[in-house]
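For ligands, and for the atoms within them, numbers begin at 1 and follow the listed sequence.
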Amino acid sequence: MKLTILMYHKIDEVPPDARYPGNYVSPDQFAQQLDALLEWGYQTITFEEWLRYRSGGSWRFRARPVIITFDDGYTCFDRNAWPALRQRDMTATVFLVAGQIGGTNAWDSDERQEPLLDAKRIRELQNEGVRFGSHSLTHVPLARVPERHAMRELSESRSQLGDLLDAPPDVFAFPFSNQSADVRRLAREAGYLAAVRGGGRMNARRTDPYGLRRIKPEPDMTIARLRRVLFFERYFSLS
Ligand SMILES: [Zn+2]
């Protein structure tokens with residue numbers, strides 16, 4: 001069984017002054033992608049369910065598994081993505097920057113600043129079924145900072161989010177998908193059970209759980225193109 005993990009950032013129309021339009025998918029496109037995934041036999045699962053299967057559990061899903069993830073925790077997730085997911089009985093995992101709860105994408109100083117989910121709304125969304133993971137404390141590229149700094153980003157974000165969510169998160173998303181063997185080891189030492197990067201591939205049962213790969217639907221990706229990517233990965237890739 002191969003696991004597909006999709007990576008989104010903002011579900012919104014691309015503003016004219018966006019510096020990185022590749023991080024936007026329009027609400028219409030997103031809804032079409034969800035409908036297509038359901039039509040192709042995909043079912044959203046949680047990281048917990050994948051990890052249980054991976055450690056020897058049996059496969060109890062009737063469909064192709066997909067985890068839908070959102071990096072950074074923008075409020076447009078709440079406005080545009082979560083209603084579309086809920087309507088279809090689908091789940092999602094949102095990776096939060098612990099030091100910017102209720103703030104903005106301050107780490108992207110050259111990008112337009114967008115609001116991030118605040119603590120109250122995060123707790124409400126958790127009660128509604130959204131899963132949350134850590135996306136570090138300040139969104140620094142972990143493989144490019146000293147090891148002590150990287151460890152602080154991993155462990156302090158985990159404990160701060162643990163206070164917010166009543167349990168420390170099990171999954172970490174590497175900021176900028178920047179990682180290395182050392183950083184993957186630190187993620188394990190900090191107590192995470194899994195971590196995700198980019199990479200554009202699906203995952204096999206043997207894939208390193210601290211280097212899970214994600215496929216990023218780009219704003220210009222048609223449904224036909226998404227179908228080709230998923231088909232190729234499922235049947236021809238050796239990942
Ligand atoms: Zn990010």
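Gln160 pairs by the side chain to side chain contact (heavy atoms under 4.5 Å, CB included) definition with Ala98, Leu137, Glu156, not counting sequence neighbours.
Using a 4.0 Å cut-off between charged side-chain N and carboxylate O, Glu48 and Arg131 make a salt bridge. A salt bridge links Asp182 with Arg185; the closest basic N to acidic carboxylate O contact falls under 4.0 Å.
Partner of Asp71 under the salt bridge (charged side-chain N to carboxylate O under 4.0 Å, His left out) criterion, chosen from Lys216, Arg214, Arg197, Lys10: Arg214.
Within a radius of less than 2.8 Å around the Zn ion (ligand 1), the protein N, O or S atoms are Asp72 OD1, His135 NE2, His139 NE2.
Ring to ring, Phe172 and Phe174 are close: their centroids are under 6.0 angstrom apart. A distance of 6.0 Å or more separates the ring centres of Tyr20 and His9.
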